[in-house]
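Each chain gets a letter, A, B and so on, in the order its sequence line appears, and its residues count up from 1. Every heavy atom of this structure was used, including side-chain atoms; hydrogens, water molecules and symmetry mates were not.
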Amino acid sequence: MSRAVIETPDASDRQAYTISDLSEEFGVTARALRFYEDEGLIAPTRRGLARIYSRRDRARLAWILRGKRVGFSLAEIREMIDLYEADEAHDIQRRVAIARCTERIALLKRQRDDIDAAIVELTDFIALARQSEP
DNA sequence: CTTCTCACA
DNA sequence: TGTGAGAA
């Protein structure tokens, strides 16, 4: 039983993507993608002057955006992705990633503590201010 | 569509 | 960490 012959080409089935393909798919500007390239995070091949992104490039981009969402700098992301390509077993890469994530979690927790402390202070202030209300 | 540059948050 | 504009 053959299924619908005409399927919407699934983005993940494609072999190659243009800069507009990926910017639309991931909701980022083409300019941002060029910026990531300048920063050494992606290296699409060229057809003439036009960038051709492979499936690997697309996967890289997905990782870049995931890293950004959780607050890693582009430099940190670049380092982790580079390690992934360099280290076949991904052994060093895994250690570094775990270390980075641990560090990041610690920072977020400290920030949460600071926020909680600020909330308490503000709440206390409101209580105090109410006492001198007419 | 591409490159580059300068400025701006 | 990006964006916008202008020029080529």
Novice: Check every atom of C:dT1, B:dT3, B:dC1 against the side chain of A:Arg46 and return the nucleotide holding the closest atom.
Specialist: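 When the side chain of A:Arg46 is considered, B:dT3 is the closest of C:dT1, B:dT3, B:dC1.
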
Novice: At less than 4.0 Å, is any side-chain N or O atom of A:Tyr36 found next to OP1 or OP2 of C:dT1? Yes or no.
Specialist: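 No, because none of the side-chain N or O atoms of A:Tyr36 sits under 4.0 Å from OP1 or OP2 of C:dT1.
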
Novice: Please report, rounded to the nearest Å, how far the P atom of C:dT1 is from the CG atom of A:Leu41.
Specialist: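 Going from CG in A:Leu41 over to P in C:dT1 covers 9 Å.
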
Novice: Does A:Glu76 pair with A:Arg104 as a salt bridge, N-O distance under 4.0 Å?
Specialist: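 Salt bridge flag = no for A:Arg104 with A:Glu76.
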
Novice: Which part of the nucleic acid does A:Thr29 contact within heavy-atom distance under 4.0 Å: base, sugar-phosphate only, or nothing?
Specialist: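 Sugar-phosphate: the residue A:Thr29, judged by heavy atoms under 4.0 Å, touches backbone atoms but no base.
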
Novice: Over how many whole Å does the gap from A:Arg78 atom CZ to C:dG2 atom P extend?
Specialist: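 Checked: the CZ to P distance equals 13 Å.
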
Novice: Can you measure A:Phe26 atom CZ to C:dG2 atom C1' for me and round it to whole angstrom units?
Specialist: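 Atom CZ in A:Phe26 sits about 18 Å away from atom C1' in C:dG2.
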
Novice: State whether the number of non-hydrogen atoms from other residues, nucleotides or ligands found under 6.0 Å of A:Arg66 atom CZ is greater than 12.
Specialist: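 Yes, the 6.0 Å shell around CZ holds more than 12 heavy atoms from other groups.
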
Novice: Round to a whole Å and report the spacing from CZ of A:Phe35 to C1' of B:dA9.
Specialist: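 Atom CZ in A:Phe35 sits about 13 Å away from atom C1' in B:dA9.
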
Novice: Taking only the side-chain heavy atoms of A:Leu49 (C-beta and beyond), determine which of B:dC1, B:dT2, C:dG2 contains the nearest atom.
Specialist: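 Of all the options, the side chain of A:Leu49 is nearest to B:dT2.
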
Novice: Can you establish whether the number of heavy atoms outside A:Glu88 located under 6.0 Å from its atom CD is more than 12?
Specialist: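 At most 12 heavy atoms, drawn from other residues, nucleotides or ligands, come within 6.0 Å of this atom.
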
Novice: From the set C:dT1, C:dT3, B:dT2, return the single nucleotide nearest to any side-chain atom of A:Arg34.
Specialist: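 Nearest to the side-chain atoms of A:Arg34, counting from C-beta on, is B:dT2.
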
Novice: Salt bridge check: are A:Arg94 and A:Asp91 linked by an N-O gap of less than 4.0 Å?
Specialist: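 Here A:Arg94 pairs with A:Asp91 in a salt bridge, since their nearest N and O are under 4.0 Å apart.
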
Novice: Using whole Å, report how far CD of A:Glu24 lies from C1' of B:dC1.
Specialist: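 Nearest whole value for this atom pair: 13 Å.
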
Novice: Rounded to whole angstroms, how far apart are CD on A:Glu37 and P on B:dC1?
Specialist: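 Distance check: A:Glu37 CD to B:dC1 P gives 15 Å.
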
Novice: Using only side-chain N and O atoms of A:Arg51, determine if any of them is under 4.0 Å from OP1 or OP2 of B:dT3.
Specialist: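 So the side-chain polar atoms of A:Arg51 do come within 4.0 Å of the phosphate oxygens OP1 or OP2 of B:dT3, strictly under.
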
Novice: What integer distance in Å separates A:Leu33:CG from B:dT3:C1'?
Specialist: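 After rounding, the reported distance stands at 16 Å.
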
Novice: Could you give the NZ-to-P distance, from A:Lys68 to C:dG2, as a whole number of Å?
Specialist: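 So the NZ-P distance, A:Lys68 to C:dG2, works out to 3 Å.
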
Novice: Think A:Arg31 has a side-chain N or O under 4.0 angstrom from the OP1 or OP2 of C:dG2?
Specialist: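 For C:dG2, OP1/OP2 do not have a side-chain N/O of A:Arg31 under 4.0 Å.
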
Novice: Is the shortest side-chain N to carboxylate O distance from A:Glu25 to A:Arg14 below 4.0 Å?
Specialist: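 The answer is no: the pair does not qualify as a salt bridge.
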
Novice: For a quick check of understanding: with a heavy-atom distance under 4.0 Å over all strands, which category does A:Arg47 fall into, base, sugar-phosphate or nothing?
Specialist: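 The residue A:Arg47 makes no contact with any strand.
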
